[in-house]
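In what follows, every heavy atom counts, from backbone to side chain, and hydrogens, waters and symmetry copies are set aside. Just so you know, ligand 1 is whichever comes first in the structure, and atom 1 is the first atom listed for that ligand.
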Amino acid sequence: MDNITVHQDNIPIYDIVFSDNFNSLLVLLNKQAISNKKLCIVTESNVATYYLDTLTNLITNNCLLLTSFIFKEGESSKNLDTVQELYEHLIINKFDRNDMLIALGGGVVGDLCGYTAATYLRGIDFIQVPTSLLSQVDSSVGGKTGVDFSSYKNMVGAFHMPKLVYMNTSVLDTLSDRQFISGMGEVIKYGVTFDKEFLNWICTNFDSILEKNHDSLAYIISKSCDWKRQIVEEDPTEKGIRGLLNFGHTLGHAVEKYMNFSLLHGECVAIGSVLSTIISY
Ligand code: GLY
């Protein structure tokens, strides 16, 4: 898979790097001058058991200080209370504007870590290391960050671009089938809204996608990221065409709230997409 560079006003802003391991992450972090920085890996309880040690061992002797902040997995943690705990962790460890956060996890981690990075000391750098299909094809790209407020989904947030998106596609091997299939809600969205040929390809190759065939996964992830790149380059702050990426989301968010967040985000997007299609038929 070729890497993708995301631009803003024709200026390259960050790279989306594809790999099937974490080996080249350190080289890329060194390009961010981490030897002079404190780093904090922000992750959740489930992802931490799989990948926190790997990342910690990779980075620990290469920066000024490496800390980790682990919160309870799930949408119920995506709120200002968790952000406040993270602010406190950063203050105790004397993080300043030169320092950097690493979001290791799915959409909840990326959104929450990104929002903290956008607001701590009026903005510090962060990078995305997405570990779910949903975050690899959608939420880690484009700089939308935020948390839920009361029962309102993504009510508080900011646009804040990552410095790097590092996708190790092999982490999808440890993803539950339910999480994996939920991510397909966002993949199918690109086919339905922008690319009939891609949608047909998904339908024809659905079995190999479900078997997590590496070539099929590589294709759907890079294709999705390239569509996302095109849209966010044209409309970074959702004044127009980026709104199309919310296909299925308005009704999906209503379902998510109605079900008291017991369904996964991608599942609700898929339900919302079907309902929107029926309504507009
Ligand atoms: N997830 C939709 C967007 O990033 O605009």
Side-chain angles (χ1 to χ4, degrees), residues 4-9 13-16 75 78 103 105-118 126-149 152-167 179-195 198-199 220-257 261 263-277:
I4 292 173
T5 301
V6 182
H7 298 75
Q8 221 171 325
D9 301 326
I13 301 293
Y14 58 95
D15 288 336
I16 306 169
E75 187 78 24
K78 192 176 143 178
V108 170
V109 169
D111 283 8
L112 185 142
C113 177
Y115 179 67
T116 308
F126 82 116
I127 72 158
Q128 292 267 19
V129 184
T131 59
S132 67
L133 180 63
L134 188 141
S135 57
Q136 294 198 346
V137 299
D138 181 50
S139 61
S140 66
V141 177
K144 265 190 185 174
T145 75
V147 293
D148 306 333
F149 183 78
Y152 299 99
K153 175 97 180 159
N154 295 336
M155 201 62 187
V156 178
F159 288 99
H160 187 57
M161 300 299 162
K163 288 287 167 192
L164 167 72
V165 182
Y166 188 91
M167 296 206 190
Q179 284 280 359
F180 180 78
I181 291 167
S182 123
M184 285 305 294
E186 299 281 7
V187 176
I188 291 168
K189 173 184 83 178
Y190 295 107
V192 173
T193 47
F194 304 113
D195 191 339
F198 183 40
L199 183 64
I220 61 169
I221 293 167
S222 65
K223 191 83 179 166
S224 299
C225 285
D226 202 45
W227 273 114
K228 183 89 189 243
R229 175 196 63 76
Q230 289 179 56
I231 303 303
V232 300
E233 283 183 346
E234 191 174 332
D235 179 20
T237 52
E238 201 175 299
K239 303 266 192 304
I241 192 172
R242 187 167 179 171
L244 291 178
L245 294 175
N246 296 334
F247 174 67
H249 283 62
T250 305
L251 290 171
H253 285 171
V255 173
E256 219 169 343
K257 186 171 168 182
F261 297 98
L263 295 181
L264 299 173
H265 175 65
E267 291 172 335
C268 296
V269 169
I271 294 167
S273 303
V274 173
L275 292 175
S276 311
T277 306

Item checked: Polar contact flag, side-chain donor to acceptor under 3.5 angstrom, S273-S276 -> no

Check: Judged by modelled atom types alone, do K78 and N154 share a side-chain donor-acceptor pair under 3.5 Å?
Finding: yes

Next item on the list: Check H249 against ligand 1 and report side chain, backbone, both or neither, counting heavy atoms closer than 4.0 Å.
Entry: neither

Checklist line | N-O pairing of E234 and R242 below 4.0 Å | finding: no

Check: Which of the atoms of ligand 1 are close to K228, meaning less than 4.0 Å from one of its heavy atoms?
Finding: 1 (N), 3 (C), 4 (O)

Note to self: List ligand 1 atoms under 4.0 Å from D138, heavy atoms only on the residue side.
What the structure shows: 1 (N), 2 (C)

Check: Among all protein non-hydrogen atoms, which one is nearest to atom 5 (O) of ligand 1, and what is the separation to 0.1 Å?
Finding: R242 NE, 2.7 Å

Notebook entry, point to check: Is the charged tip of K257 near the ring of Y152: under 6.0 Å from the six-membered ring centre and within 45° of its axis?
Noted result: yes

Checklist line | N/O separation below 3.5 Å, K144 to ligand 1 | finding: yes

Checklist line | Near-ring test Y190/W227, centroid separation under 6.0 angstrom | finding: no

